[in-house]
Protein chains: 2
Amino acid sequence: MLIGELAQASGTTTKTLRYYEQAGLIPAPGRTAGGYRDYPPEALSRLDFIRRGQAAGLTLAQVRGVLDVRDRGLAPCEHVHDLLDAHLTALDRQIADLHALRDTVAGLRDSVDTIDPATCAPGTICRYI
Amino acid sequence: MLIGELAQASGTTTKTLRYYEQAGLIPAPGRTAGGYRDYPPEALSRLDFIRRGQAAGLTLAQVRGVLDVRDRGLAPCEHVHDLLDAHLTALDRQIADLHALRDTVAGLRDSVDTIDPATCAPGTICRYI
DNA sequence: CTGGTCCTTCCAGTGCAGTGGAAGGTCAAC
DNA sequence: GTTGACCTTCCACTGCACTGGAAGGACCAG
């Protein structure tokens, strides 16, 4: 399988595949006589896993962590559980932070509607922020 | 006011102040005989505004947009209202996206606890992601 | 044999908001 | 006069996940 075919099959680009190889996410494949990358069929399932990991909001470094465990011949179940657990905690905090920010911004925006701009102090940049 | 004093007073660093100047967020101040930056007192309120804008989750480019309006001698009220409104919309979508992601990740994590790892297919990377 | 498409490597840039460090100038105190 | 703190400019780097482009080789159809 040439790089362009794999890119098409996995819904990504040749640029990205070379980048993944350089980043240690996919192993360097064999080469054809002409020096072209020649991927085995299982490269596709590896790319699907990477895509699913990304869809779950994991970084490529985290995905690579799981792949590294798997490549050492181990079952990554515990690792995956801990990773998802930590990710969930981070997401919860991120959502809470964003919620607080949202309320702050909503208050600021409403203040623009309700506070008379004539009461702005001359030396300030903006009365509302 | 020298740059170190302003940095201390505004709770930032000299590096950041030079960066803000280069980025067009604060005007280039006068210089002392020795070539040191010499800030006027109102630089502090400008930096406070920048900090409040950042606390509201605005980018420096957005903050600079407000400052540009103000520097042209106009009241930025309408601009600020529109900016905050758009920001609020973006925040709401971001929160919704994050919520959906959170639910997905929670489902994945729980599947690690409930699905028997012995049922993993040998060719796959991970049964859970 | 030529044209077109695919592939190769390598270097550099994107956006965001700074941060690090080198090489050197200024100023006040001792 | 010298130490030390502060300042100057300039260039490069951080993290993240790519993306763009140049220069050149491989391969296939007509």
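Below, read A as the first sequence line, B as the second, and so on, with proteins coming before strands; counting in each chain starts at 1. Heavy atoms only: backbone and side chains are in, while hydrogens, waters and symmetry mates are out.
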Between [X] and [N], is there a side-chain N or O to OP1/OP2 distance below 4.0 Å?
X       : N      : value
B/Thr14 : D/dC6  : no
B/Gln62 : C/dC16 : no
A/Tyr20 : D/dA17 : no
B/Thr16 : C/dA17 : no

Between [options], which nucleotide gets closest to the side-chain atoms of [X]?
X       : options                : result
B/Leu60 : D/dT19, C/dG18, C/dG20 : C/dG18
B/Tyr36 : C/dC7, D/dC10, C/dG25  : C/dG25
A/Arg37 : D/dC18, D/dT8, C/dT8   : C/dT8

Rounded off to whole Å, could you give me the [atom1]-to-[atom2] distance for the [X] and [N] pair?
X       : N      : atom1 : atom2 : answer
B/Arg64 : C/dA17 : CZ    : P     : 10 Å
B/Lys15 : D/dT9  : NZ    : P     : 11 Å
A/Gln22 : D/dT19 : CD    : C1'   : 13 Å
A/Leu2  : D/dC27 : CG    : P     : 10 Å
B/Gln54 : C/dA17 : CD    : P     : 7 Å
B/Leu25 : C/dG18 : CG    : C1'   : 12 Å
B/Tyr19 : D/dC11 : OH    : P     : 17 Å
B/Ile50 : C/dC16 : CD1   : P     : 16 Å

Item to complete: Return the 5'-most residue of the pair A/Arg31, B/Gly35 with respect to DNA chain C, ranking by each residue's nearest nucleotide.
Response: A/Arg31
Worksheet item: Hey, which of these two, A/Arg18 or B/Leu58, hits DNA chain C nearer its 5' end, going by closest nucleotide?
Response: A/Arg18
Worksheet item: Does the side chain of A/Arg70 reach to within under 4.5 Å of the side chain of A/Val80, using non-hydrogen atoms?
Response: no
Discussion item. Regarding A/Thr32, tell me which of base, sugar-phosphate or nothing describes its non-hydrogen contacts under 4.0 Å with the strands shown.
Written reply: nothing
Fill in: First of A/Ala33 and B/Ile3 reached from the 5' end of DNA chain D, by closest nucleotide
B/Ile3
Discussion item. Test of understanding: clusters of I, L, V, M, F, W, Y form through side-chain heavy atoms closer than 4.5 Å, transitively. Do A/Leu101 and B/Leu101 belong to the same one?
Written reply: yes
Worksheet entry | Shared hydrophobic cluster for A/Leu17 and A/Leu2 (ILVMFWY, side-chain gaps under 4.5 Å) | no
Discussion item. Under the criterion side chain to side chain donor-acceptor pair (under 3.5 Å), I'd like the reasoning laid out for B/Thr119 against B/Arg127: C-alpha separation, chi angles, the key distance, then a yes or no.
Written reply: CA-CA 8 Å; B/Thr119 62; B/Arg127 196 185 189 326; 2.6 Å; yes
Worksheet, complete the sentence: Closest heavy-atom pair, B/Gly57 versus B/His87, reported as atoms and distance to 0.1 Å, is O-CE1, 3.4 Å
